[in-house]
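Some notes on the structure that comes next.
So that the names make sense, note that chain A is the first sequence line, chain B the second, and so on, each numbered from 1.
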Amino acid sequence: MAVLRHSAAFPFLLLLALLICIPALVSGVWLNDDGGGVEEEGEQFSEELFLKPLPDRKVLAHFHFQSTVPPSAANGRHHHLFPKAIAQLVQKFQIKELELSFTQGRWNYESWGGSDPISSTNAKPPGVELWALFDLPVMEIDATWKDLTHALSGLFCASINFLESSTSYFAPSWAFRSNVSNLRYGALPREAVCTENLTPWLKLLPCRDKAGLASLLDRPSIYKGYYHSQRLQLTSTKSTGIVLKQTLTVVLKPDVQRNSAHSSLDKSIQPSWSVSSMFKKNVTGLCVPAKTSRIFFELETNMVVELEKLGYGDSWSNSIFDLSPNPVRVFKESNPLPGRSNSIIYEFINYSEHEPLDLGMKWKLPFIWSCSQAPFHVSRFLMGSGNERGSIAISLQSTESNKEFLAKSHGCNVQVLIFQVVPWYVKVYYHTLQVFIDGKPQSVSDVIEKIQVSPSEDKLFPGTLELMLRYPCSVQSVALTLDFDKGFLHIDEYPPDANQGFDIPSALVTFPNFHSSRSYVEDNFSINSPLLLKFQEKNVVRSYTEALLVPLTTPDFSMPYNVITFTCTVLALFFGSLLNVLRRRVGEEERLLNSKGNTTRIRLIPLLLSKFSSKLKGRTDGTPKSSSLLGSKFLLILVAVLAVLWHYISN
Amino acid sequence: MAEISEDAPPPPAAAAADAGVQGEAAPTRRSTKPGRKRLFLTFSVLLSFLSGLPFFLKSTEIHRSPLPFESIDALSRRLQFDPPSLPCHFRAVFLRSGADRTLAARLQSAIAADMGRRAGNRLSCGGCGRGFAVSVTVDSGEECVSDDGGVAGSCLWTCGAVSLDGSGEDDSAVDELLDSVMRGAGGKECVDAGGGRVYTVVVMEKEDVESVRVVVGKHRHAWIVGKVSETDTVSIISKVFVKYFMNGGKEGRGMEKGIGEFVPVGADGTVVLSFSLLNADPSDWVYDWEFQEMSKIMLAPVAKALTPIANISIESQVLYHTPKSSNSYWDEKYGGYIFSLRDLPFFVNSNEWHLDTSVTAAGRSKVLQFVVYVPSAIECPLLLQLPNGEISKTNSFISPMWGGIVIWNPPQCTGDSQKKHLEGSTLPPQELEKIFQVFIAQLRMLFGLTSNYIDSSETEISKFLDSERGFTDWELDVLFRHHACFNLHSCVNTLESLAKLVQSLPRMIVMDEIGKQVKYSLEAASLAQMNASLGIYDASAASSRKAKALAEDAFFHPSIMSISYSSIEHYFAIYMPFFAPVSLHVLLAAIKELKRYKREKAKYMAFAADQARSS
């Protein structure tokens, strides 16, 4: 990839780079709080912010707050730093692990990265996703899960309690986590996420958003972002106590500051930004209870590669960009493949109470790089039309990022795990599973190594598909299709605004051969940052697909009442006429009519009516012809008047 | 059709005859009997409709479990006229030499009369009721003379069981000695008699002692040492009995309904005491506390003592960035920032103090918040001003049903403000102990007792012994009685509201479960009343609590909230389209048929009469 478009500046940049190439590890020695002797006792809290420029002129900000409490009998009752509510939750529901995420927007795997630790562990499907691992006998888990959803929905002001019904959650057997039976997974793709969810989340931090890094969280600016994912992760073990990780991942677009002098360059230069300009707020003061409070800034691998091509190495101030305060420390990713550049992390520490740490990045020249991609780009879509049936397709497109993997061995294989939950009203026919490799249909047994299907049961369980694919590395695209019928719901089961359609939660695609772990080399100190330690964990690369919207047939909701009134009226008509027919005396009526015609004064309307009816019956009786003529004329006039009136009224 | 045409003038002969008479007699006469077939038909339809009506109504009926409205009314009336009270026994013991036979009887009547005057006529909820038994024993060492005022079943003092001659001024030793005697044989007997609690005042006459000491112990007794005149003795004894042992140190207004109304116990009988240490601005200083150690020493006994009334659990947390929501002003005279009583309602900052309810307090249990507020440097020292202009000694206040707040000024705020205390420091243990003592006093006040008797009472009583449990036995008895009474009252209130609600919404579904809960609640309430009249304290408290919990369960049953109320209009709108036209047809047909039949029959009768006349 070409990096510099303006080759005129090139010699000058080289010179600058030579001057700047000083070892970056000078500063940071005087900070004594990261040294060896870490007190393990007591509750601890640390806050970190991770920033990374993204190739599409946006910036990723990832907040990581971590609270830990050592195992103790007083957990859930007496706390100093750790949120009491969470400890009580863990105690009451015997949670081993739990993850709850609220997400708005979709992680753009193509331009924001797909294989780095942030995207593989922090990119989440839109809406709410909750999974929990319980330390309970299997019999009690479902009841506990229901209670847990209610407790969480109260705690976070969200409708997590909709995950209570057995149609909305599921126990995956191996595709989500390997071989666990006491895990429950549920997702609500349509849940809207906003400040009312963020405020209770912030309440779990000792300083809330009053001080420290969390004070950056200005609601308008973070909700204006392109992606927003708020997460809460709990792990509780007998030996380490409870660890609570709260992360907030936002993708923001910095405002372009128009510079009149370089207006021609402006369009191609990445927008310069600083923490205060992006969040419209400054870090106000220190969060005193926090053990550490730092900001990391990462230059990702491809960026470093491009920089090195230009000869800048790992300098934070070169002719392409400047980082405004000098970093305290520099971490370099240790290289799994020697001879290749790797990502660099700069560390900044928020130590001063009065001077806000305003990390800024100033771009001087246009620079283009690409992010690290997941081995396959995953997408899912619906096919077919109409309200009766359709099919789901999942497609995997190679991103060419596994080239070196390819090069390593000729007969290599890629493994892919797919985990898909489908609500019961989308009735998937699993036997219709078809696999296309590079566009050609392939027999299912050749590609699928392992498959587990649990079909849905109406109004009881959702259907799930757990699938392991294995195919050669050289494959460019894989597509799976499944046909389904759309079911009918009972009138009570339709949600409000049923015409919008029904969501199918995102499928999770995992690449077990690919890991997103990183290891950092740093000269003197051991790494004690919870965030970097998390980056070093060995995580497999995962991506979520889009959520799907299936339109179902929605009834006319006033129909039951219409049916009732209509049938009742018809029945009443039938009944009434039957009764009349039964008690009618035709002969007598005729006699009466005759005698009346002779004797009594003729009233107009009854006469007309009787005339009309007798005419309809096709009978003629002994009434004089003239009166009949008169009647029919009158009838004609009446009908005409009625028609005119009707016309008048209806217009 | 042949059938139908059969009725009206069918036989040709008859028709001819008819035609023959028609000219003059057709409107008024007929020769044949009118047919009944159509009449029968229409009426059978009408009748089948009418007989189907009950089935129809039954099938569209809304299920309503029958609630015992009469029993609820009866219970509420009974409670109003006769508030439940647990019987108490009062016993005065005079240790004196040279008994005189009539003294006991005289003193008994005098004390009973004085107590009656003090207790007044109004029955208070949670008092000892009307018939409290007073007995007097004069113990001369060798023999005892007793008078129980004619009330059978009151238990008597065992003679010569105690002599206070040897004991000195050590009040707690005397207290323990008396307690051991009470718990001995005599005490057991009283419990067996089933007459409720026994309260004792021991009067020890000492000629050589000038001053009179009146000490109220921490169990169920008090003693008077010294030389007192008989009338003074009677008045002191009856005061101790009525004001303290019967009413828990409170007098006058507000006693009719009892203090039980303000007992902060949740409907399920649990209370969570949530202690929070608030650092208003951690950038000035941060304090932590050794809560657990101190709570084991100071709070655990209190929680244990209150177990019969409520199930108490204790929690603690430390919070940061929690400013108060109202401002204070600097006062030169006191050298501190003054927060006046006027602003107290605005002290608690519910926006920033996320004291949070706890998971264990889910449902209908009660959380009492106890807060230590550490002010920030700009408002330190922070002092609370009483309405009379003085500074509060404890620097604390309570908010009824919410909890209590203690302001603790850190020591360095009066000194020069060097900011080197960023590292967390802990509250010194002696300070924490003081704070805890204030908390216990606040807890007593929240439970409706006074924090301290010495301040409020007159000089007659020299000393009240404190229990290390925070509450003395006789105070717990008072709480017990009031609590039982209040539970019954609130149970009845809830049931009455439920009855009103159910009656006002005639088409609301009432589940069977609600009916069951109401029934059990009433049963438990009458059981509690029965136990109370028998004087079984704990059983009556337990069943009254159960009655209240069941009544609340019934009232807050989810089905009452969730099931949509189908109105009578809805009902009509569904069934009208069918039944209105059909019933119109049927009724009109029946009426017409009947009329015609009558008319025709009249014609025939006239014809028959004619026939008879002519023949």
Side-chain angles (χ1 to χ4, degrees), chain A residues 42-43 72 74 76-85 87-89 91-93 150-151 154-155 200 203-211 285-289 353 561 564-573 575-591 595 599, chain B residues 1 4-5 7-10 22 26-27 35 37-39 41-42 45 274-275 277 279 281-283 285-286 288-289 291-292 295 313-322 352 354 356-360 362 419 422-424 573-582 584-586 589 592-593 596:
Chain A
E43 298 169 7
S72 141
R77 288 194 294 129
H78 303 292
H79 288 282
H80 301 268
L81 270 175
F82 196 83
K84 196 168 76 179
Q88 285 175 343
L89 208 71
Q91 283 237 310
K92 189 169 180 191
F93 301 113
H150 279 268
L155 204 59
K203 267 191 187 176
L204 303 177
L205 306 174
C207 297
R208 307 198 300 290
D209 54 349
K210 297 288 162 203
L286 289 173
C287 177
V288 181
E353 194 180 333
Y561 186 70
I564 287 172
T565 40
F566 191 72
T567 32
C568 285
T569 315
V570 168
L571 278 177
L573 268 177
F575 187 85
S577 48
L578 192 72
L579 197 71
N580 273 341
V581 164
L582 277 179
R583 57 166 279 273
R584 197 138 187 209
R585 296 172 180 83
V586 182
E588 195 180 281
E589 268 169 33
E590 274 175 16
R591 258 187 292 127
S595 63
T599 54
Chain B
M1 277 295 131
I4 290 170
S5 58
D7 195 358
Q22 209 171 21
K37 206 177 276 170
R38 285 181 173 75
L39 185 72
L41 192 93
T42 47
V45 170
S274 166
F275 292 85
L277 173 65
N279 287 292
D281 190 352
S283 55
W285 39 64
V286 178
D288 202 345
W289 57 1
F291 182 86
Q292 268 177 277
S295 115
S313 55
I314 295 167
E315 292 175 358
S316 78
Q317 59 183 345
V318 183
L319 301 176
Y320 307 88
H321 295 282
T322 50
E352 307 280 349
H354 48 283
D356 265 357
T357 51
S358 85
V359 172
T360 49
K419 289 188 176 173
L422 281 179
E423 301 297 311
I574 286 177
Y575 295 108
M576 265 306 207
F578 180 68
F579 283 100
V582 166
L584 203 73
H585 275 295
V586 173
K592 266 187 187 166
E593 254 343 277
R596 181 182 181 277

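Contact tally against chain A (heavy-atom pairs below 4.5 Å) for B:Val318, B:Val586, B:Thr42: the top residue is B:Val318. Comparing A:Leu579, A:Val570, A:Leu81, A:Leu155 by how many heavy-atom pairs each has under 4.5 Å with chain B, the most go to A:Leu579. If you tally non-hydrogen atom pairs under 4.5 Å between each of B:Ser316, B:Ser274, B:Ala573 and chain A, the highest count goes to B:Ser316.
Proximity to chain A is absent for every atom of B:Leu277, based on heavy atoms less than 4.5 angstrom apart. Proximity to chain B (any heavy atom under 4.5 Å) is restricted, for A:Pro289, to the side chain, taken from C-beta onward. Looking at B:Gln317, both its backbone and its side chain come within 4.5 Å of chain A, counting heavy atoms on both sides. For a residue to count as touching a neighbouring chain, one of its non-hydrogen atoms must lie under 4.5 Å from one of that chain's; by this rule B:Leu319 does not touch chain A.
Of the inter-residue distances, the one linking B:Tyr575 atom OH with A:Cys568 atom SG reads 9.0 Å to the nearest 0.5 angstrom. The line from CD1 of A:Ile564 to CE of B:Met576 is 15.0 Å long, rounded to the nearest 0.5 Å. Distance check: B:Phe578 CZ to A:Thr569 OG1 gives 10.0 Å after rounding to the nearest 0.5 Å. Considering NZ of B:Lys592 and CG of A:Asn580, their distance stands at 7.0 Å, rounded to 0.5 Å.
Residue B:Pro577 comes nearest to A:Ala572 through the heavy atom pair O-CB, 4.2 Å, listed as atom of the first residue, atom of the second, then distance.
A side chain to side chain donor-acceptor pair (under 3.5 Å) with B:Glu315 holds for exactly one of A:His78, A:Gln88, A:His79, A:Arg77; it is A:Gln88.
With hydrogens and angles ignored, the 3.5 Å screen pairs no side-chain donor or acceptor of A:Arg583 with any backbone N or O of B:Leu39. A distance-only check finds no donor-acceptor pair linking the side chain of A:Arg208 to the backbone of B:His354 [under 3.5 Å].
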